[in-house]
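Below is one structure, written out as C-alpha cells, with a few remarks after it.
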Amino acid sequence: MLALKAATNTIRPLVTATKPPGNARGLIQSVLYGSEKAKEEGEVETLQHSKIVGRGKYIHAFETHRVKPDVVEQYQEAAEKYYTGLANDASLSVKLTGGWETVVGALDTYVHVLEYENYKGYDHSAALIRQSKEHTSNFQALLPFLQNRNLQLCQEFAFWASSPPHQKGGIFELRTYQLQAGTLLEWESAWRKGIEARRKFAAPVGAWFSQVGRLHQVHHMWQFESLETRKATREKSWTVEGWANTVDRTAKLTQQMDSSILKPLPYSPLR
C-alpha cells in the first residue's frame with residue numbers, strides 16, 4: 001500500500017507492521033480466542049461427559065409448540081396427523097415417544113418427543129421429511145396455529161432408559177433443570193444413586209440431557225395417578241436413606257428448575 005505525503009507531494013511507502021514472534025502470537029491468540037490446548041481439552045471433556053453419562057444409542061428431539069389459545073382443538077387435529085404420519089412412515093428412522101399438553105405450567109404449550117437412531121438416523125429422517133410432499137404439507141398445516149416453536153436434541157442418561165409405550169393413565173410431570181456449566185457428571189452421580197429412592201414409589205419415564213439447543217439442561221419425566229399421588233410419592237421418598245443428599249446436591253448444581261404437569265394426547269404411545 002502507498003501513502004501520499006501532503007507537504008511535498010513525495011510518495012513514500014507506508015511502514016509495514018512486522019509479525020510478532022511466535023511466542024507473542026501464541027499469547028495474543030490465547031487471550032483473544034483461548035489456547036489451542038484449552039479448546040482441545042474442552043472439546044474432549046464435553047465428548048467424554050456425553051460418552052460417560054449417555055446411553056449413546058438414541059437421540060431424542062424435544063419439539064415444543066406454543067399454540068394460540070383460540071385454536072388448540074384445530075392444532076391437536078393437525079398435530080395428530082403430522083406426528084402419527086411420521087411414526088407410521090417405515091422409511092424414517094424415527095419413533096414417536098409421546099405427545100403431551102401442558103395443563104400446569106406454560107399453558108397452551110404442547111411437547112412432542114421423537115426418538116431417532118442417533119444423529120445418523122436424525123439426519124437421514126430430516127432429509128426424507130423435507131423431500132416428502134405429504135409430511136411437508138402436514139407440517140405446514142400446523143404453522144397457522146403456532147405462536148412459537150422450539151427444538152432441542154437430547155440424549156438419554158445411561159442409567160435411566162426411556163420407558164417403552166404403555167397405557168397406565170394419569171398425569172405426567174416434566175421437570176427441567178438448568179445446570180451450572182461443567183456439572184453434568186456430578187449430576188449424573190447424584191441421580192444414579194437418588195433414582196433408587198424414587199423408583200421404590202414411582203416408575204420413572206425417562207431422563208435426558210441436552211446436546212443441541214439450550215445446553216446444560218436436564219429433563220426428568222415421571223408418571224403419577226394424580227397430583228395427590230405425586231405429593232404422597234414425593235413425601236415417601238424422604239424416608240429413604242440417601243434421598244436428602246440427592247436433593248441437596250441437585251440444588252447446589254442447578255441454576256433454575258421448572259416443573260410442568262402434562263396430559264397425554266390421545267395418540268401418544270406413552271399415556
Side-chain angles (χ1 to χ4, degrees), residues 55 58 60-67 72 76 79-80 83 87 95-115 152 154-179 187-188 190-210 217-251 253-254 256-271:
R55 190 176 177 202
Y58 302 109
H60 287 81
F62 278 64
E63 299 190 0
T64 305
H65 293 165
R66 189 70 181 270
V67 178
V72 292
Q76 289 183 23
E80 179 173 5
Y83 285 107
K95 294 178 182 177
L96 177 62
T97 298
W100 297 268
E101 175 189 4
T102 304
V103 293
V104 179
L107 299 180
D108 305 316
T109 299
Y110 291 77
V111 179
H112 290 86
V113 180
L114 297 168
E115 179 185 276
Q152 185 184 49
C154 301
Q155 189 176 154
E156 297 170 303
F157 281 98
F159 70 93
W160 191 342
S162 303
S163 296
H166 63 244
Q167 299 182 33
K168 296 182 179 179
I171 59 173
F172 289 75
E173 180 182 18
L174 179 64
R175 297 181 68 86
T176 299
Y177 304 85
Q178 187 65 46
L179 305 187
W187 178 274
E188 189 269 353
W191 272 91
R192 182 181 288 274
K193 300 172 184 176
I195 188 65
E196 298 307 319
R198 293 296 300 273
R199 202 190 299 272
K200 294 178 184 292
F201 310 109
V205 175
W208 305 265
F209 60 95
S210 62
Q217 203 166 69
V218 168
H219 303 289
H220 290 181
M221 185 176 282
W222 306 85
Q223 188 171 11
F224 304 98
E225 257 183 52
S226 63
L227 284 172
E228 181 61 29
T229 304
R230 171 186 175 274
K231 177 177 179 291
T233 298
R234 293 176 62 83
E235 289 174 350
K236 289 177 183 177
S237 298
W238 288 98
T239 66
V240 180
E241 184 179 356
W243 176 244
N245 183 56
T246 298
V247 173
D248 179 62
R249 292 179 68 184
T250 295
L253 300 175
T254 306
Q256 182 175 321
M257 307 182 198
D258 290 287
S259 170
S260 299
I261 302 301
L262 312 177
K263 180 178 73 174
L265 296 166
Y267 54 89
S268 176
L270 283 173
R271 59 183 188 272

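Note that the structure is a prediction, hence the values are computed from the model and not measured.
Taking each heavy atom of Gly98 and Pro269 in turn, the nearest pair found is CA-CD, 3.9 Å. Contact record, Ser268 with Gly99: OG-N, 3.1 Å, taken as the closest heavy-atom pair. Between Glu156 and Tyr58, the closest heavy-atom pair is OE1-CD1, 3.7 Å. The minimum heavy-atom distance linking Pro264 with Gly170 is given by the pair CD-O, 3.9 Å. When all heavy atoms of Thr250 and Thr254 are compared, the closest pair comes out as O-OG1, 2.6 Å.
Atoms CD and CE, on Gln178 and Met257 in that order, are 12.0 Å from each other to the nearest 0.5 Å. For the atom pair CG (Asp108) and CD (Glu101), the distance works out to 7.5 Å, reported to the nearest 0.5 Å. Separating the CG atom in Leu107 from the OG atom in Ser260 is a distance of 9.5 Å, to the nearest 0.5 Å. To the nearest 0.5 angstrom, Leu174 atom CG is 6.5 Å from Phe62 atom CZ. In this structure, OH in Tyr267 is found 7.0 Å from CD in Gln76, a value given to the nearest 0.5 Å.
Between Met221 and Trp100, some side-chain heavy-atom pair lies under the 4.5 Å cut-off. Looking at Glu63 and Leu114, their side chains come closer than 4.5 Å, going by heavy atoms from C-beta outward. Between Leu270 and Phe172, some side-chain heavy-atom pair lies under the 4.5 Å cut-off. Looking only at side-chain heavy atoms (C-beta outward), His60 and His219 stay at 4.5 Å or farther from each other. Contact annotation: the side chain of Thr64 never approaches that of Gln152 to less than 4.5 Å [non-hydrogen atoms, C-beta and beyond]. By the 4.5 Å heavy-atom criterion applied to side chains, Thr233 and Trp222 are not counted as neighbours. By the 4.5 Å heavy-atom criterion applied to side chains, Thr246 and Arg198 are not counted as neighbours.
Ring geometry for His112 versus Tyr83: interplanar angle under 30°, hence parallel rather than tilted (30 to 60°).
Remark: the backbone N or O of Ala202 is not paired with any side-chain donor or acceptor of Gln223 at under 3.5 angstrom. The closest donor-acceptor contact from the side chain of Ser163 to the backbone of Pro204 lies under 3.5 Å. Between the side chain of Ser210 and the backbone N or O of Gln217, at least one donor-acceptor pair lies under 3.5 Å.
Take Arg230 and apply the salt bridge (Lys or Arg N to Asp or Glu O under 4.0 Å) test, not counting sequence neighbours, and it matches Glu173. Residues passing the salt bridge (Lys or Arg N to Asp or Glu O under 4.0 Å) test with Glu241, sequence neighbours excluded: none. Scanning for ring pair (Phe, Tyr, Trp, His ring centres under 6.0 Å) contacts around His220 gives Trp160, Tyr177, Trp187, Trp191, with sequence neighbours left out.
Thr97 and Glu115 are not linked by any side-chain donor-acceptor pair at a separation below 3.5 angstrom, with hydrogens and angles left out of the test.
Glu196 and Lys200 are not joined by a salt bridge, as no carboxylate oxygen comes within less than 4.0 angstrom of a charged side-chain nitrogen.
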